[in-house]
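Okay, structure first, notes after.
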Amino acid sequence: MSYQPGRMGVAEGIGLTYIVMLPRVFLTSPAVTISSMHNLAWIAPLINWVAALAVLYLLAGVTARVRGDLYTVSDRLLGRVGAWAMAIFYTALFILDAASLLRQFAENTLLTALPGAEFRMIIFWYILFASVLVYFGIEGIARSAYLMLPFIAGGVAAVIILLAPFYDFYRLLPWQGAGVGVAVGRGLELVGLNLGALLLFVLAPSFQKPATMMTAAFYGGGVSALLRTVVIFFFLLAFGVGDGMEKTLPFYEMSRLVYLSRYIQHIEALFIIIWVITGLLAIAIDIFVALYLIARPLGLPSIRPLVPAVAMIVVNLAVIPPDLSAVIKADGSLVLLLSAGVFGGPLLLVAVAYIRKRRKRTWSG
């Protein structure tokens, strides 16, 4: 299998972008956000998405003049050493993101669906299915993710509607939460949750032009940010700040509150399937992007031999934290590192492109 991902369009770009940015809404991330921003936590996804989108627009302006994927653009603007450094940096970020998601989804599967299962077997089945998805290629993953979109959005909407009797708008008071300044600062710290949108620039040759990537990023990232905002907002309406901070898995707790009838009492099992699929697709995308960034500078004709090796690295990184609290703490630090990835690389390329353009004008003038 060549590392070249093939030809994709807006639909595939949307599928890749939203599915790799969404999984943490099913994990502990919303509760952690509420603990720091209180009643205004629901605005954090909108703040960090607007910041990420601004960076992506600047990067799209650079790629419109210097065509190619992220490695090619880095090579032309920063030289060979800079391009290698950029590839290594983003390879590490996507591998660490895959490891963090793998560990958290394995832990939560153990807690919610399979309490009697062997933890190592859960890790094994997760990484096996993710590796198989990578084996079949990114195009299939992208189209599967796009097909999953109505089911995920419909499921979230159904839970929100069915929980209407539990909502109390007084739980959103005070509106400013821990303070608008805290909300903006914390929202910018969480911009790393949007690292997945950069994959459109990593896989740029698959998309026709920068406008295609930006359209996919705008709608894909927008869907993810909107779903994260909606889930946190209605979670606050249902539980409030005090109880909300004590919930390990906010969306799971929301789905557990739903009561349909005496014969269909609970629906959380259906949503466990949805978020497991979401997690698997996101882990597979992270691994594929990491493999692409390894193969691209080395000029490897295929990524297939590297899949087991990278999968083993992801597993070994995933099992390092000793317990769930250490996993949550490590993920918080990882999100800050991912934020450096969202701002650092793109803004460096934008700055170098701007300086070169200025010098060219000065010399020609």
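As the structure is a prediction and not an experimental result, all values here were calculated from the model.
In this structure, Ile287 and Ile127 have side chains that are in contact, with non-hydrogen atoms separated by less than 4.5 Å. Side-chain contact between Ile43 and Thr229: absent, with no pair of heavy atoms (C-beta onward) separated by less than 4.5 Å. Contact check for Asp97 versus Leu338: side-chain heavy atoms found under the 4.5 Å cut-off. Proximity of Trp49 to Met21: side-chain heavy atoms (C-beta onward) are separated by under 4.5 Å at one or more points. Put simply, the side chain of Leu349 does not reach to within 4.5 Å of the side chain of Leu58, judged on heavy atoms. In this structure the side chain of Leu236 reaches within 4.5 angstrom of the side chain of Leu172, judged on heavy atoms. With a 4.5 Å cut-off on side-chain heavy atoms, Phe124 and Glu118 do not count as touching. For the pair Tyr135/Val307, no side-chain contact is recorded, criterion being any heavy-atom separation below 4.5 Å from C-beta on.
In terms of heavy atoms, Val191 sits closest to Val342 at O-CG2, 3.6 Å. Of all heavy-atom pairs between Ser339 and Gly192, the closest is OG-N, 2.8 Å. Residues Pro30 and Pro250 share a closest heavy-atom pair of CB-CG, 3.9 Å. When every heavy atom of Val231 is checked against every heavy atom of Met254, the shortest pair comes out as O-SD, 4.0 Å. Taking both residues in full, the closest heavy atoms of Asn39 and Pro174 are given as CB-O, 3.2 Å, listed atom of the first, atom of the second, then distance. The heavy-atom pair separating Phe271 from Val159 by the smallest distance is CZ-CG2, 3.3 Å.
Atom CG of Leu114 is separated from atom CG of Asn108 by 12.0 Å, given to the nearest 0.5 angstrom. Met148 contributes atom CE, which lies 4.5 Å from atom CD1 of Ile277 (distance to the nearest 0.5 angstrom). Leu93 CG to Leu198 CG: the interatomic distance, rounded to the nearest 0.5 Å, is 9.0 Å. Annotation: the span from Ile123 atom CD1 to Leu102 atom CG amounts to 4.0 Å, rounded to 0.5 Å. Note that the CD1 atom of Ile141 and the CG atom of Leu133 stand 5.0 Å from one another [nearest 0.5 Å]. Once rounded to the nearest 0.5 Å, the distance linking CD of Glu139 with CD of Glu12 reads 7.5 Å.
The pair Asp331-Arg24 meets the salt-bridge criterion, with a side-chain N (NZ, NE, NH1 or NH2) lying under 4.0 Å from an Asp/Glu carboxylate O.
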Practice item. Could you check Arg228 against Asn48 for side-chain contact (heavy atoms from CB on, under 4.5 Å), going step by step and ending with a plain yes or no? Key: CA-CA 11 Å; Arg228 284 182 283 154; Asn48 60 57; 3.9 Å; yes

Point to revise | Working for ring-ring contact (aromatic ring centres under 6.0 Å, His included), residues Phe94 and Tyr90 | key: CA-CA 6 Å; Phe94 278 98; Tyr90 283 103; 7.0 Å; no

Practice item. Kindly indicate, with the supporting measurements, whether the criterion side-chain contact (heavy atoms from CB on, under 4.5 Å) is fulfilled by Tyr71 and Met86. Key: CA-CA 7 Å; Tyr71 177 78; Met86 194 74 78; over 6 Å; no

Check your understanding: When you look at Ile152 and Phe26, which way does the side-chain contact (heavy atoms from CB on, under 4.5 Å) test go after all the steps?
Key -> CA-CA 11 Å; Ile152 295 173; Phe26 300 130; 4.3 Å; yes

**Study point:** Pair Leu40-Val182, side-chain contact (heavy atoms from CB on, under 4.5 Å): steps then yes or no
**Key:** CA-CA 9 Å; Leu40 206 58; Val182 173; over 6 Å; no

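Judged purely by atom type and a 3.5 angstrom limit, Arg171 uses its side chain to pair as donor or acceptor with the backbone of Ala238. In this structure a side-chain-to-backbone donor-acceptor pair under 3.5 Å is present from Ser74 to Leu70. Proximity of a side-chain donor or acceptor of Arg103 to a complementary backbone N or O of Pro321 within less than 3.5 Å is detected. Although no hydrogens or angles enter the test, the distance criterion places a donor-acceptor pair under 3.5 Å between the side chain of Tyr18 and the main chain of Leu149. With Tyr146 contributing its side chain and Gly13 its backbone, the two residues share no donor-acceptor pair below 3.5 Å.
Under the 4.5 Å side-chain heavy-atom criterion for ILVMFWY residues, no single connected hydrophobic cluster contains both Leu78 and Val81. Leu173 and Tyr167 fall within a single hydrophobic cluster, where Ile, Leu, Val, Met, Phe, Trp and Tyr side chains are chained together by heavy-atom contacts under 4.5 Å. Clustering ILVMFWY residues whenever any of their side-chain heavy atoms sit less than 4.5 angstrom apart, transitively, puts Leu101 in the very cluster that holds Phe119. Hydrophobic cluster membership differs between Leu193 and Leu96, with clusters built from Ile, Leu, Val, Met, Phe, Trp and Tyr side chains linked at under 4.5 angstrom. Linking ILVMFWY residues whenever their side-chain heavy atoms come closer than 4.5 Å, directly or via other members, places Val314 and Val202 in the same cluster.
Checked options Thr63, Leu59, Leu53, Val10; the residue passing with Met214 is Leu53 (criterion: side-chain contact (heavy atoms from CB on, under 4.5 Å)). When the options Val50, Leu226, Ile232 are evaluated for a side-chain contact (heavy atoms from CB on, under 4.5 Å) with Pro45, the one that passes is Ile232.
When the shell of 6.0 Å around CZ of Arg120 is examined, it contains 12 or fewer heavy atoms from other residues, nucleotides or ligands. By the neighbour-count criterion of 12 heavy atoms within 6.0 Å, atom OH of Tyr354 is sparsely surrounded, having that number or fewer from other residues, nucleotides or ligands. Under a cut-off of 6.0 angstrom, the local environment of CZ in Phe234 is crowded, with over 12 non-hydrogen atoms contributed by other residues, nucleotides or ligands. By the neighbour-count criterion of 12 heavy atoms within 6.0 Å, atom CZ of Phe151 is sparsely surrounded, having that number or fewer from other residues, nucleotides or ligands.
Ring geometry for Tyr126 against Phe105 counts as tilted: the plane angle lies between 30° and 60°, on a 0 to 90° scale.
The ring of Phe251 has its center no closer than 6.0 angstrom to the ring center of Phe235. A centroid separation of less than 6.0 Å is found between the aromatic rings of Tyr252 and Trp275.
One side chain, Asp69 or Thr72, offers a donor N or O that lies under 3.5 Å from an acceptor on the other. Between Tyr219 and Thr17, the side chains place no donor N or O within less than 3.5 Å of an acceptor N or O (distance only, hydrogens not considered).
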